Amino acid sequence: MTSLAPKPAHRIARVALPALAVAIAATACERGSAAQPPTTTPPPVASGPAVSFPAADLSWTELPGSGGVRYANVRGDLAGHGPYEAFVKFPAGKDNPRHTHTSDLPTVVLSGTFYAIFDGKRIDYPAGSFYTLTADIPHLSGCAPGAECLLFQYQTDHFDLVPTAGQ
């Protein structure tokens, strides 16, 4: 004769919990294999010729009226109109007068120590530094004495140096 009396809770737990664990594990394995992230196609590679300028192939031009600043274009023309990307060399100890630029000027310092002075405060940018001179901000800048400065600069529009009053 079967008893209809309730079984003790620990007996139910002893039988039901392992069964529940097996069911959860099976579901997780099933979902794990089905829930693989969809494969994505990588973005297309830009078409057109590669741009490659080993250092020995760079063509250096002195910027007229700059006191020895030279540049080597890699895209566009720093001295022309429109966007450009160029390496720029400043002689050691070369100081620029107070000036602005009409568009932002992102710069990477590759060698030497370049500096900028904003509102009387000097910031040194040693090799490995990056900065962006925001358009229309009056500043002084130059290459610290001791070593030539090599920079990489680019702008979405032409390069300019607009002298401003003050120190």
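Positions are given from 1 along the sequence. This is a predicted model, so every value here is computed, not measured. Computation of the quantities below employed the complete heavy-atom set of this structure, encompassing side-chain atoms and omitting hydrogens, waters and symmetry-equivalent molecules.
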- request: State plainly whether one hydrophobic cluster holds both Val88 and Phe53, where clusters connect Ile, Leu, Val, Met, Phe, Trp and Tyr through side-chain heavy atoms under 4.5 angstrom apart.
  value: no
- request: Find the distance between OG1 (Thr102) and CG (Asp136) and round it off to the nearest 0.5 Å.
  value: 7.0 Å
- request: Quick one: pull up CD1 in Ile123 and CD1 in Ile117 and give me the separation to the nearest 0.5 Å.
  value: 10.0 Å
message: Using modelled atom types and a 3.5 Å cut-off, is there a donor and acceptor pairing between side-chain atoms of Asp104 and backbone atoms of Ala135?
response: yes
- prompt: Any idea how His101 and His139 line up, ring-wise: parallel (<30°), tilted (30 to 60°), or perpendicular (>60°)?
  reply: tilted
- prompt: Do Ser103 and Asp157 have side-chain atoms, one donor and one acceptor, less than 3.5 Å apart?
  reply: no
- prompt: Should Tyr84 and Leu150 be counted in the same cluster of Ile, Leu, Val, Met, Phe, Trp and Tyr side chains packed under 4.5 Å apart?
  reply: no
task: Check the surroundings of atom CG in Asp119: do more than 12 heavy atoms from other residues, nucleotides or ligands lie under 6.0 Å from it?
output: no
task: Would you name the heavy atoms of Tyr115 and Ala144 that are closest together and state the gap between them?
output: CD2-N, 4.1 Å
- prompt: From Thr100 OG1 over to Asp160 CG, what is the distance, rounded to the nearest 0.5 angstrom?
  reply: 7.0 Å
- line: On a heavy-atom basis, the closest approach of Tyr154 and Glu85 is CB-CG, 3.7 Å
statement: Scanning both residues in full, the closest heavy-atom pair of Ala127 with Leu110 reads CB-O, 3.5 Å
- request: Taking all heavy atoms of Cys143 and all of Pro91, pick out the closest pair and write down the distance.
  value: CB-O, 3.5 Å
message: On a heavy-atom basis, which atom in Phe159 and which in Leu105 lie closest, and how many Å separate them?
response: CE1-CD2, 4.2 Å
query: Under 4.5 Å between side-chain heavy atoms, hopping through other hydrophobics if needed: is there a path connecting Phe90 to Tyr131?
result: yes
message: Between Lys94 and Ser66 (side chain of the first, backbone of the second, donor and acceptor by atom type, cut-off under 3.5 Å), is there such a pair?
response: yes
task: Determine whether Phe152 and Tyr71 fall in the same hydrophobic cluster, where Ile, Leu, Val, Met, Phe, Trp and Tyr are linked whenever their side-chain heavy atoms lie under 4.5 Å apart.
output: no
task: With the side chain counted from C-beta on, respond yes when Tyr125 and Thr107 share a heavy-atom pair under 4.5 Å apart, and no when they do not.
output: no
- request: Ignoring hydrogens and angles, state whether a donor on the side chain of Ser141 or Asn96 is under 3.5 Å from an acceptor on the partner side chain.
  value: yes
statement: Rounded to the nearest 0.5 angstrom, the OG1-CG distance for Thr61 and Asn73 is 7.0 Å
- prompt: Are Trp60 and Val74 grouped together when hydrophobic residues (ILVMFWY) are joined by side-chain heavy atoms under 4.5 angstrom apart?
  reply: yes
- prompt: Once you round to the nearest 0.5 Å, how far does CZ of Phe114 lie from CD of Gln153?
  reply: 6.5 Å
query: Which atoms form the tightest heavy-atom contact between Thr113 and Pro126, and what is the distance?
result: OG1-CA, 3.9 Å
